[in-house]
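First the structure, in the form of structure tokens, and then the observations on it.
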Amino acid sequence: MKISNDINEAAFWLSQNKVVAIPTETVYGLAANIYNEAAVNSIYKIKNRPSNNPLIVHIKSTRELYKYVENIPVKASLLAKYFWPGPLTLVLKKAAHIPDYITSNKDTVAIRVPAHPATLKLLESLLFPLAAPSANPSNSVSSTTAQHVLDYFGDKLPFILDGGSCAKGLESTIVGFEKGEPIIYRLGALSIEHIERVIGKVEIRNNATQSPDAPGMFSKHYAPKTPLYITNDLETFLTENNTTNIAFLGFDKSLSHSKITQNYLLSAEGNYDEAATNLYKTLIEIDSKNFDLIVTQYLPEIDLGKSINDRLSRAAFKIN
Ligand code: AMP
Ligand code: MG
């Protein structure tokens, strides 16, 4: 296993049909050639990902979109034009040459142009796009540094392309279309406010019961090992709870209480982008200590506060 910023070496391993970890602006990905079934199967195996959970295809430029999909709705073109490269995934009708093992046999494919300079250079140097789900075992917190990937997968990968800390720190926002109209399947690093400024009102359908088509939306996902509790009444929660070694995960304000061992703030300045960037790395750091539990509150439902709240509720052991 090697970690380095050498793009040529990453390209070498990918061309040998190996799985390589790559940096993106959202989270690190486990990447493979979309046209090599054995390599794509290895992604599923390494992550222990159910085969009915399709992968996102990463392409090198917006210009290339038409090669991989058919019938692009006007609103999809607009979104691609405004937000690519960037943390937006579009689900569109797939071209015939996109293999069924990428899409879990669906006739649509999830696709995006990532905004990380190293990964864009890497894609430029390859003759194929990359399938790349997040670089974490299924259902656990996504990696936002090369070290996180190393800690999760150690020798299961030949190579990790180190691109530093992920700028966004949260998965892409996924937008699909029905009759040309947009539907948000997953909240993510591009806020709804940004999307609506470009294409007007969008519907949100982001849980498994509403949208069995997007398996990443199952309610238990992104969970730390330490049980996470979300409460809107901290005082009662702390009074009634018997444990004394508690980590408080706060947005911008610390909490002083005898049962709180340590405070972790997502953004002391109350900035939603910064809070999103810090969410996973903070959860992973808390997990590396021995707290009995984590307690937190929802952020205001503004901007990326919505996406952060979505991840918190999927990470939660209990909400009350
Ligand atoms: P990940 O790469 O782990 O962030 O997960 C990718 C997610 O994209 C999946 O969990 C699905 O929810 C979604 N996705 C991928 N392909 C499709 C598709 N064809 N239709 C709907 N959702 C998709
Ligand atoms: Mg994931």
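The figures here come from the full heavy-atom set of this structure, side chains too, leaving out hydrogens, waters and symmetry mates. Order of listing sets the numbers, starting from 1, for every ligand and every atom in it.
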Atoms in ligand 1 with a heavy atom of Thr108 nearer than 4.0 Å: 18 (C), 19 (N), 20 (N)
Phe251: ring-ring contact (aromatic ring centres under 6.0 Å, His included) partners, not counting sequence neighbours: Tyr272
Enumerated ligand 1 atoms positioned under 4.0 Å from heavy atoms of Ser134: 2 (O), 3 (O)
Val202 side chain near Glu196 side chain, heavy-atom distance below 4.5 Å: yes
side-chain contact (heavy atoms from CB on, under 4.5 Å) partner of Phe248, chosen from Ile294, Asn263, Ile286: Asn263
Arg186-ligand 1 polar pair, N/O distance under 3.5 Å: yes
pair Leu265-Thr282: side-chain heavy atoms closer than 4.5 Å: no
Whether Ile174 lies under 4.0 Å from ligand 1, heavy atom: yes
Within-shell test, Gly176 vs ligand 1, heavy atom, strictly < 4.0 Å: no
Min side-chain heavy-atom separation Lys225-Val141 under 4.5 Å: no
Donor-acceptor pair between Thr26 and Arg112 side chains, under 3.5 angstrom: yes
Contact atoms of ligand 1, heavy-atom distance to Val91 under 4.0 Å: 18 (C), 19 (N), 20 (N)
Close approach of Arg49 to ligand 1, heavy atoms, under 4.0 angstrom: yes
Heteroatoms of the protein, restricted to N/O/S, which lie under 2.8 Å from the Mg ion (ligand 2): Ser134 OG
Distance-only side-chain donor-acceptor flag, Glu171 / Ser142, under 3.5 Å: yes
The single option from Leu55, Ile43, Asn136 passing side-chain contact (heavy atoms from CB on, under 4.5 Å) against Arg49: Leu55
Asn53: numbered ligand 1 atoms lying under 4.0 Å from its heavy atoms: 9 (C), 10 (O), 11 (C)
Electrostatic pair Glu25:Lys168 at N-O distance under 4.0 angstrom: no
Under 4.0 Å to a heavy atom of Pro133 - the qualifying atoms of ligand 1, by number: 2 (O), 3 (O)
Closest approach of Val109 to Tyr68 (non-hydrogen atoms, all atoms of both residues): CG1-O, 4.1 Å
Lys259 side chain to Leu238 backbone, donor-acceptor under 3.5 Å: yes
Closest to atom 16 (N) of ligand 1 (judged by heavy-atom distance), picking from Ser138, Gly29, Pro54: Pro54
